[in-house]
Amino acid sequence: MSIVASFEIAHTRVLGPDGKVEGELPPFARDRDALVALYRWMVLTRAFDAKAVALQRTGRLGTYASGIGQEAVCVGAAHAMTPDDVLLPSFREHGAQLVRGVTMQELLLYWGGDERGSDFAGPRQDFPVCIPVGTHAPHAAGAALAFKLRDEPSVAVCIFGDGATSRGDVYEAMNVAGAWTLPVVFIANNNQWAISVPRPAQTAAETLAQKAVAAGFEGLQVDGNDVIAVRQATTEALDKARSGNGPTLIEALTYRLGDHTTVDDASRYRDDEEVGRHWKEEPIARLRSYLTAAHGWQKAEEEALIAACAAEVEDAAESYLAASPEPPEAMFDYLYEELPADAARQRAAMLAQE
Amino acid sequence: MAKARTKSEASAGTADLTMVEAVGQALARALEEDETVILLGEDIGVDGGVFRATDGLITRFGADRVRDTPLSEAMIGGLPVGLAAMGFRPVAEIQFMGFIYPVIDQIVNHAARLRTRTRGRMTCPMVLRAPYGGGIHAPEHHSESMEAMFAHIPGLRVVIPSSPARAYGLLLAAIRDPDPVIFLEPKRIYRAAREAVVDNGGALPLDRCFTVLKGADVTLVTWGAMLKETLEAAEILAGDSVEAEIVDVATLKPLDMDTILASVSKTGRCVIVHEAPLTGGFGAEIAARLAGEGLMHLVAPVERVAGWDTVMPLLRLEGRYMPSAERIVAAARRVLEYA
Ligand SMILES: Cc1ncc(C[n+]2csc(CCOP(=O)(O)OP(=O)(O)O)c2C)c(N)n1
Ligand SMILES: [Mg+2]
């Protein structure tokens with residue numbers, strides 16, 4: 001017998017749950033302002049999230065998937081990207097979309113049931129939310145192929161959940177990305193749950209990162225509650241893709257602190273005790289501890305930041321609530337570049353109703 | 001008698017082509033005229049496709065633009081969505097329609113709705129080609145006609161050629177179209193006949209039926225390979241002095257009902273012919289529209305001649321499944337009995 005292949009999966013963490021440095025601090029993380037910027041995005045994301053849930057609870061938003069607890073994955077990944085890269089999120093990565101320049105009003109519009117929310121004014125190349133789990137992974141390979149064919153330095157960044165890694169199309173996308181050395185970074189946002197299915201029930205694989213091995217490229221794990229580690233791992237994967245060395249799969253270990261969505265009740269399938277344990281590892285308090293210890297982050301600064309984020313969220317919610325509705329014929333007006341006669345008659349019939 | 005040619009036709013060259021050669025010629029023309037056109041599919045490169053539709057294209061246009069893919073249909077359906085959203089015009093081939101089903105997810109959930117769901121910010125000008133239909137004694141899963149499944153999807157075009165010239169002109173139109181198109185190629189007639197095809201880059205109109213035979217007595221509506229049996233039926237009927245009019249639907253979605261209604265308003269009688277199973281077949285849509293919009297023109301019930309509602313039989317019984325010219329003639333005679 002001889003061993004013809006073997007693999008190792010690296011795990012990296014810079015800040016431990018208590019905010020103490022456990023790993024090697026990457027150069028960017030020595031800069032106070034850079035860390036405060038990441039911190040601010042995470043705080044803003046959480047404030048937005050709380051507002052979205054509140055709007056849903058009061059009947060002013062549709063079903064919403066909270067991303068509470070997963071701010072570091074979203075912010076760390078998106079913050080590492082350049083404007084010319086392309087983000088392909090699933091449906092829980094509000095923080096990543098915000099960092100990319102999607103506005104809170106746009107996100108609220110989308111979750112409030114208005115397609116204009118996906119007509120981003122900011123990142124015109126970024127893909128909209130993807131609800132059919134994992135189906136956007138092949139799009140990432142396609143976008144990456146476009147960059148490669150045009151010899152552009154852009155990279156596609158595709159985020160999906162732990163549940164999504166069980167799907168065939170996620171593997172098919174990773175497989176072609178490996179076979180064609182495409183500039184794409186896959187991020188498995190492993191929040192330990194796919195609605196009620198816990199991570200161990202999803203796959204017998206020890207790590208999700210190792211799914212990259214079968215596709216012929218590197219997979220690695222990061223502490224997904226450590227925004228420094230996520231940002232650094234993403235930067236390295238982006239650099240590698242940009243320099244023509246193909247894809248990477250980053251498994252970011254985090255935890256879904258909230259219900260699956262506003263129509264889910266997670267107490268049906270998991271213990272409060274488990275959730276409580278994970279609150280001790282969440283990303284915002286972790287970075288705050290480090291900022292306080294290493295950079296003298298002041299209470300006054302904290303209060304000012306929280307107040308500023310709250311005001312921004314309130315403003316966004318107000319302008320969302322004040323948005324005039326789209327005319328009903330909009331449902332026809334983007335079906336095709338030019339509306340075919342057949343559909344034009346239905347459009348007229350719809351408008352003739354009432 | 002030699003037909004006078006325009007200069008551009010002459011320089012472009014006319015050749016007698018089979019349908020599969022015409023498909024290849026349209027693909028070559030598209031690759032030549034638009035550098036954003038990229039072909040993808042299983043075995044389409046060095047092998048030239050299992051039906052040779054892409055024969056020689058990899059040599060002319062290179063492996064970057066004529067891409068052999070892994071065996072991976074969900075990817076072949078989904079990767080072009082990303083490519084198209086980023087400004088390319090991908091033309092993906094599914095080797096046989098029987099393997100297209102994983103792709104439906106991408107078509108319904110993404111390709112056909114990307115423009116709508118982003119309010120026009122992103123578009124999906126992709127073409128998905130697939131050989132389909134029975135009659136060539138192929139293995140199991142290689143002979144079904146499932147066009148109606150696609151015709152049900154809003155935001156999509158479904159196009160089916162019935163001759164070499166139609167394949168050339170409609171495929172070019174599909175590739176140039178700014179929205180996603182499913183282009184189904186009736187493989188039974190891939191090599192059944194040759195036709196003069198002018199390779200001048202001229203597209204045929206989408207969203208329009210073609211009236212291929214003029215007649216005043218009965219309208220025969222069909223598409224794809226069944227045009228052959230329908231033409232044979234018209235010839236038999238002509239022997240009885242019955243003049244059939246034949247409408248080749250060509251674009252199933254969006255449907256050009258005006259042409260069909262105009263014909264039926266003249267003939268008062270309609271037989272719809274398709275190879276796909278009867279129930280829920282696209283003939284049902286046309287019949288329902290006739291009942292709704294053309295009832296006053298009709299002097300007889302609308303007949304449908306279709307495949308049976310059976311699992312597509314293997315090659316020994318395949319012939320008993322396929323609609324025949326005789327069945328079409330019999331249906332036409334039944335509707336002609338009404339005064
Ligand atoms: C293809 C598909 N199957 C099922 C669903 C219903 N569904 C929505 S989210 C979800 C769980 C997804 O889990 P995961 O990939 O871990 O992402 P998370 O929700 O944890 O962010 C399911 C089953 C869906 N949206 N798409
Ligand atoms: Mg999950």
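Naming convention: chains lettered A, B, ... in sequence-line order (proteins, then strands); numbering from 1 in each chain.
The pair A:D342-B:K253 does not meet the salt-bridge criterion, since no charged nitrogen lies less than 4.0 angstrom from a carboxylate oxygen. The pair B:D177-B:R89 does not count as a salt bridge, with every side-chain nitrogen at least 4.0 angstrom from each carboxylate oxygen. With respect to A:D126 and A:R100, a salt bridge is recorded, a charged nitrogen being found less than 4.0 Å from a carboxylate O. With respect to B:R117 and A:E115, no salt bridge is recorded, no charged nitrogen being found less than 4.0 Å from a carboxylate O. Between B:E33 and B:R29, none of the side-chain N atoms (NZ, or NE/NH1/NH2) sits under 4.0 Å from a carboxylate O, so this pair counts as no salt bridge. Between A:K211 and A:E251 there is no salt bridge, since none of the side-chain N atoms of the basic residue sits less than 4.0 Å from a carboxylate O of the acidic one.
If you measure heavy-atom distances from A:A330 to chain B, the contacts under 4.5 Å come from both the backbone and the side chain. If you measure heavy-atom distances from A:F120 to chain B, the contacts under 4.5 Å come from both the backbone and the side chain. At a 4.5 Å heavy-atom cutoff, the contact between B:I38 and chain A is made by side-chain atoms alone. Contacts between B:E35 and chain A at a heavy-atom distance below 4.5 Å are absent for every atom of the residue. For B:P80, no part lies near chain A; criterion is any non-hydrogen pair under 4.5 Å. Contacts of B:D105 with chain A are made by side-chain atoms alone, with heavy-atom separations under 4.5 Å and no backbone atom involved. Within the 4.5 angstrom heavy-atom criterion, no atom of B:T123 approaches chain A. Proximity to chain B is absent for every atom of A:A341, based on heavy atoms less than 4.5 angstrom apart. Residue A:Y110 touches chain B through its side chain alone, counting heavy-atom pairs closer than 4.5 Å. Looking at B:D258, the atoms closer than 4.5 Å to chain A (heavy atoms on both sides) all sit in the side chain, from C-beta outward. Using a 4.5 Å cut-off between heavy atoms, B:L40 touches chain A through its side chain atoms alone. Using a 4.5 Å cut-off between heavy atoms, B:R208 does not touch chain A at all.
Interface remark: of the candidates A:E326, A:K148, A:H136, A:R116, A:E326 forms the most heavy-atom pairs closer than 4.5 Å to chain B. When A:A343, A:A146, A:A179, A:G168 are compared by the number of non-hydrogen pairs under 4.5 Å with chain B, A:A146 comes out ahead. Comparing B:R113, B:Q106, B:R157, B:M86 by heavy-atom pairs within less than 4.5 Å of chain A, the highest count is held by B:M86. Counting heavy-atom pairs under 4.5 Å between each of A:M331, A:E338, A:Q125 and chain B puts A:Q125 at the top. Your options are B:M122, B:M257, B:E73, and the one with the most heavy-atom pairs under 4.5 Å with chain A is B:M122. Interface summary for chain A: among B:L156, B:L71, B:D256, B:D207, the most heavy-atom pairs under 4.5 angstrom belong to B:L156.
Note: A:F48 and A:Y64 have perpendicular aromatic rings, judged against thresholds of 30 and 60 degrees for the angle between ring planes.
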Item checked: Check against side-chain hydrogen bond (donor to acceptor under 3.5 Å, both in side chains), A:T82 and A:D85 -> CA-CA 5 Å; A:T82 67; A:D85 294 331; 3.1 Å; yes
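For the side chain to side chain contact (heavy atoms under 4.5 Å, CB included) with B:R65, the qualifying choice from B:I58, B:V37, B:L57 is B:V37, the only one to do so.
When side chains are defined from C-beta on, A:L149 counts as touching B:R67, because their heavy atoms get closer than 4.5 Å.
Cation-pi geometry between B:R115 and A:Y336 is not met: the NZ or CZ atom fails to fall both under 6.0 Å from the ring centre and inside 45° of the normal.
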